[in-house]
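Report on the following structure.
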Amino acid sequence: MSMDLNGANLEAQGPPPKTRIDVFTSKRTLTALFLFYIGSTLLLCLLGNTGPEVFKHVDALSKDGEAGAKYWKLVNPGCDTGNCKFQYTVPIIHMIPEMQLIYMKVKVKRPSSGTEAITAPVVTTTGVIGCDREHCVSGGENFDGEQVRDESDSTSIEWDSQQVYSNEFALFTTDPDPITYNQYNVSVILTDTSGQAATNPESGDPQMMAKADMVFVNPDFTWWVMGWKVVFLICTLVVMFCPITLFDGAFAGYFVQQRHLKLNDWSNIQCWIGALLVVLLFFNDPFFALQFGDGISSGVKQFLVMESIVLVALFVSLMLCFMLVSTGTIISSNKDQFMGGGRNSHKLQSNYIIAKVGLCSLIFAFLFFYYVIARMYNTGSPQYDDFSDDQSYMSFQILLIICMVAFSLWYIVSVCECIMNVRMIERGYLALLVITVIAAVLMVIGVSIGALYILPNTSFKWMFFYGSCNVTVWVLSWAFAHAADEDEGESSWALDSVSKGNAQYSVLGGDEPLGGGAEGLLSADI
């Protein structure tokens, strides 16, 4: 007796219920489906290309309103070499929650006229006071507000050869806290412990010239993302629950069509699609706007940011796992399912599933930790391409790369098996194979270049990759939804005769070839 992966008796089952891709198999329908996918992808490219820039870079103004390079105030005139302290005070004003974060960096002018590379150890002491409009006076020395930062850090100022201004180094960032104040007043004291960071004239006190700049998220990008998340959220709800059942349910929502089947009769792929739709709903982040709401505590906002990262990592890993499983089974037929391959064959299949789920679970874990550190505990830069070379980044990044390479190789093998057996694949499933291969390539590229990071470098990356994830799941959910008639009870397939001895089936109205159905897509070699 042959058993499927769920423990069901394969020889005692009839033909699986048909899906839309089994019913709507005309060239016109498949062409329309494929054109919808390609057209939507091209439209996303156009919309993303016209989006606002993600980050704003501005020169920090000193307390007297000046921008650009400025001599910092010597706190202790007559200081000994290695103990000179320089102060810089700057108010960061007109901040709103939609700016999400602040990164303040500084560049120091070369202390000598030479061209050699220099490394000068220093100690920075940063005090930050946050206050609202009623309690802060722009440019004042004393501020009536809450102490946000008061910390010291040892770092080094580095000048490359021929470089006039040093490489940037961080002075202050709001992370992991969200922006909760209208104004931040930053006071930095830099101690030149090496005596190499400041210019030492022949007479008089040492001097230090430096310029600070700030990076924050463009509020226009935040509002733009907020609007498109709502659009994707509504579209996903329509794909899930659209009540229109005309034209044999061609426009009905996925779960509206699936209601004609008992849950036990759902194929494995239909269960996968159902899970993907639910995760996609939260991937579109219905709680995103709450991160910028008034009256919401800082702790809750941090939790919402963390929740966004969890859902991104969960969706990516689940989507990759689905592609591994579905592509590895697309060359099977219903005959393979009904005749079975014995217990040893199904045990091997189960081991393959565990391995694939395990690999994608590792991708979820490493992607989650990598994004959490990058978004909430990064002191270098908020931009994906300019993260600091911190060891914690490198560890998770290397592990993530290893897992993505393993996924890519495994997926390539599965696709090659499909190509070798392309004649066995029905036309509708071949179209879906092409779509899933495109989506898998985009997913791997998106993870590799940081396009699926919650703060990508460009609007184009966000819209193209984020939107293509939505479109792919929408297309797959339409294709694999149950093809039920409007007046159908349980299933549109009525069995005329069943011969369990040789596992041959005929369908009411004529013989039906045993190949290419959705259940066959799921019960073969994976």
Side-chain angles (χ1 to χ4, degrees), residues 44 48 51 54-55 100-101 175-176 178 217 221-222 224-233 235-236 272 275-292 301-324 357 359-378 382-385 387 392-393 396-397 399-401 403-404 407 439-474:
L44 292 171
V54 179
F55 295 100
Q100 300 194 39
L101 50 81
D175 283 342
V217 176
F221 175 77
T222 300
W224 184 77
V225 168
M226 195 181 303
W228 278 111
K229 281 180 179 287
V230 172
V231 171
F232 289 134
L233 186 66
C235 290
T236 302
W272 273 102
L276 279 173
L277 280 171
V278 173
V279 175
L280 179 67
L281 189 69
F282 290 97
F283 174 70
N284 290 322
D285 207 349
F287 310 111
F288 181 71
L290 295 178
Q291 296 181 27
F292 319 107
K301 291 183 178 181
Q302 287 186 39
F303 172 80
L304 292 173
V305 173
M306 187 81 73
E307 170 256 351
S308 297
I309 298 172
V310 169
L311 294 174
V312 168
L314 178 61
F315 176 81
V316 169
S317 58
L318 189 66
M319 191 70 172
L320 293 176
C321 194
F322 166 78
M323 290 171 178
L324 266 184
V357 172
L359 173 61
C360 295
S361 298
L362 290 176
I363 292 176
F364 164 76
F366 297 145
L367 193 64
F368 167 72
F369 286 115
Y370 182 40
Y371 281 2
V372 165
I373 296 173
R375 174 61 183 86
M376 304 188 73
Y377 301 99
N378 172 22
Q383 297 174 277
Y384 190 87
D385 293 341
F387 285 165
S392 58
Y393 284 107
F396 287 110
Q397 189 176 31
L399 292 172
L400 181 60
I401 290 173
C403 289
M404 293 303 295
F407 166 83
V441 172
L442 292 179
M443 189 74 72
V444 172
I445 293 175
V447 172
S448 302
I449 66 175
L452 294 172
Y453 178 56
I454 58 175
L455 285 176
N457 288 342
T458 65
S459 296
F460 174 82
K461 286 183 180 180
W462 185 90
M463 175 60 81
F464 179 68
F465 289 93
Y466 190 96
S468 64
C469 290
N470 278 268
V471 173
T472 300
V473 177
W474 298 343

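Atoms SG and CG, on C235 and N470 in that order, are 8.0 Å from each other to the nearest 0.5 Å. A distance of 11.0 Å separates CZ in F407 from OG in S317, rounded to the nearest 0.5 Å. Atom CZ of F465 sits about 10.0 Å away from atom CE of M443, to the nearest 0.5 Å. Interatomic distance, CG of L455 versus CZ of F55, reported as 5.0 Å (0.5 Å rounding). We find the CG-CG distance between L320 and L359 to be 8.5 Å, quoted to the nearest 0.5 Å. Here I373 contributes atom CD1 and I309 contributes atom CD1; the two are 10.5 Å apart, rounded to the nearest 0.5 Å.
A donor atom on one side chain and an acceptor atom on the other are not found under 3.5 Å apart for T222 and Q291. A donor and an acceptor atom, one from each side chain of K461 and Y466, are nowhere located under 3.5 Å apart.
Residues V471 and L44 come closest through the heavy atom pair CG2-CD1, 4.2 Å. Of all heavy-atom pairs between P286 and L233, the closest is CB-CD2, 3.9 Å. Closest non-hydrogen pair, G51 versus S459, comes out as C-OG, 3.6 Å.
At a threshold of 4.5 Å between non-hydrogen side-chain atoms, the residues Y377 and D175 do not count as touching. Within the 4.5 Å cutoff, the side chain of F288 has no heavy atoms near those of the L304 side chain. No side-chain heavy atom of P456 sits under 4.5 Å from any side-chain heavy atom of I449. Side-chain contact between V279 and M319 is absent, with no heavy atoms from C-beta onward closer than 4.5 Å. Contact annotation: the side chain of L400 approaches that of V447 to within less than 4.5 Å [non-hydrogen atoms, C-beta and beyond]. At a threshold of 4.5 Å between non-hydrogen side-chain atoms, the residues V316 and F364 do not count as touching. Put simply, the side chain of M226 reaches to within 4.5 Å of the side chain of F292, judged on heavy atoms. A 4.5 Å side-chain heavy-atom check between F368 and L314 finds every atom pair outside the cut-off.
Between T236 and the choices L280, V473, V231, V278, the side-chain contact (heavy atoms from CB on, under 4.5 Å) rule is met once, by L280.
With ring centers used as reference points, Y370 lies 6.0 Å or more from F366. Taking the six-membered ring for Trp and the full ring otherwise, F283 and F232 have centroids separated by 6.0 Å or more. The aromatic ring centres of W462 and W224 sit less than 6.0 Å apart.
In terms of modelled atom types and a separation under 3.5 Å, the side chain of Y453 and the main chain of R375 share a donor-acceptor contact.
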Inset, instruction - Evaluate the criterion side chain to side chain contact (heavy atoms under 4.5 Å, CB included) for residue pair L367 and F396; output intermediate values, then yes/no. - result: CA-CA 8 Å; L367 193 64; F396 287 110; over 6 Å; no

Inset, instruction - Decide yes or no on side chain to side chain contact (heavy atoms under 4.5 Å, CB included) for E307 and D285, but give the supporting numbers first. - result: CA-CA 9 Å; E307 170 256 351; D285 207 349; 3.6 Å; yes

Inset, instruction - Output, in order, the C-alpha distance, side-chain angles, deciding distance and verdict of side chain to side chain contact (heavy atoms under 4.5 Å, CB included) for M376 and Y371. - result: CA-CA 8 Å; M376 304 188 73; Y371 281 2; over 6 Å; no

